[in-house]
Amino acid sequence: RTDEALLEVNNVEVIYNHVILVLKGVSLNVRKGGITALLGGNGAGKTTTLKAISNLLHSERGEVTKGSIVYKGERVQDLDPSALVKRGVIQVMEGRHCFQHLTVEENLMTGAYTRRDGRGAVDADLEMVYTYFPRLKERRRSQAGYTSGGEQQMTAVGRALMSRPEMILLDEPSMGLAPQLVEQIFEIVKSINENEGVSFLLAEQNTNVALRYAHQGYILENGRIVMEGTASELRENADVKEFYLGVS
Ligand code: ATP
């Protein structure tokens with residue numbers, strides 16, 4: 001891990017429908033090779049921040065009206081979403097978003113659509129995904145719509161991996177999953193980070209689990225970053241303990 005920032009979000013403001021100010025000047029960095037958690041309650045603006053980065057706000061009538069988003073030194077907020085995917089940044093949406101009628105394996109293969117390095121490399125990566133998610137190998141011929149919530153979350157992360165990303169923006173991986181499965185997903189995120197060098201920005205309401213796996217964290221409240229630090233600094237912070245970890 002280095003201290004180099006791969007992604008810089010500088011003082012970003014987002015407005016929906018020309019009037020609703022949702023992000024009020026958000027700044028954060030994602031370090032190369034790190035796991036950065038973006039924490040906060042329901043409606044704090046986590047999803048909006050991720051969508052601002054991957055330029056997915058337009059379809060929701062949202063707009064970045066101030067600030068800059070810089071990936072590897074390049075201002076990326078005016079690129080279209082696919083251009084960012086080509087640069088190695090991929091978003092895994094909240095709520096999984098698998099293609100319900102495709103099989104698990106077909107879903108994984110859709111992640112490789114931008115690649116030009118040939119079938120052999122893609123097949124090798126499919127095996128790589130199956131080593132992280134053995135369960136998906138067992139389920140590879142099942143229609144995604146008939147697999148469990150946890151399996152669909154794994155499929156969504158696996159599909160992202162198939163694009164050979166440098167950075168994954170992961171929205172609410174714990175949502176709707178039983179605690180044991182949440183732990184399993186985070187363990188896999190950690191090993192993907194360590195073994196493949198993929199950097200993560202993950203939005204989470206589950207502060208407790210996120211701060212056990214992340215290196216850095218930011219806390220978002222009502223469209224503003226109210227606290228930031230290393231994961232251990234945040235875990236030890238009295239306010240975080242009281243308001244986010246439920247201990248005091
Ligand atoms: P959640 O965990 O519920 O996804 P979040 O922290 O990700 O919460 P956002 O989804 O970013 O929060 O929402 C932040 C605020 O922006 C909320 O008040 C929400 O109602 C508002 N908002 C989100 N999308 C839109 C939209 N398309 N138009 C108007 N307001 C929106």
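Atoms within a ligand are numbered from 1 in the order they appear, just like the ligands themselves. Residue numbers count from 1 along this sequence.
Close approach of ligand 1 to Gln205 is summarised as follows: ligand atoms under 4.0 Å from at least one heavy atom of the residue are 2 (O).
Atom 20 (O) of ligand 1 lies below 4.0 Å from none of the non-hydrogen atoms of the protein. Checking atom 17 (C) of ligand 1 against the protein gives a heavy-atom contact under 4.0 Å.
Residue contacts with ligand 1 leave out Gly223, since none of its heavy atoms falls under 4.0 Å from the ligand. Note on ligand 1: Gly45 sits in its first shell, one or more heavy atoms being nearer than 4.0 Å. Heavy atoms of Glu172 approach ligand 1 to within less than 4.0 angstrom.
For the pairing with Ser174, the side-chain contact (heavy atoms from CB on, under 4.5 Å) check across Gln153, Gln205, Glu183, Glu204 returns one residue only, Glu204.
The protein heavy atom nearest to atom 14 (C) of ligand 1 is Gly43 O, 3.3 Å. For atom 30 (N) of ligand 1, the closest non-hydrogen atom on the protein side is Tyr16 CD1, 3.5 Å.
Heavy atoms of other residues, nucleotides or ligands lying less than 6.0 angstrom from CD of Glu74 number more than 12. Atom NZ of Lys190 sits in a sparse spot, with 12 or fewer heavy atoms from other residues, nucleotides or ligands closer than 6.0 Å.
In the hydrophobic clustering of ILVMFWY residues, with side-chain heavy atoms under 4.5 Å counting as a link, Met128 and Met154 come out together.
Counting heavy atoms under 4.0 Å from ligand 1, residue Thr47 touches it through both backbone and side chain. At a 4.0 Å heavy-atom cut-off, ligand 1 touches Thr48 through backbone and side chain alike.
In this structure the side chain of Leu21 reaches within 4.5 angstrom of the side chain of Glu13, judged on heavy atoms.
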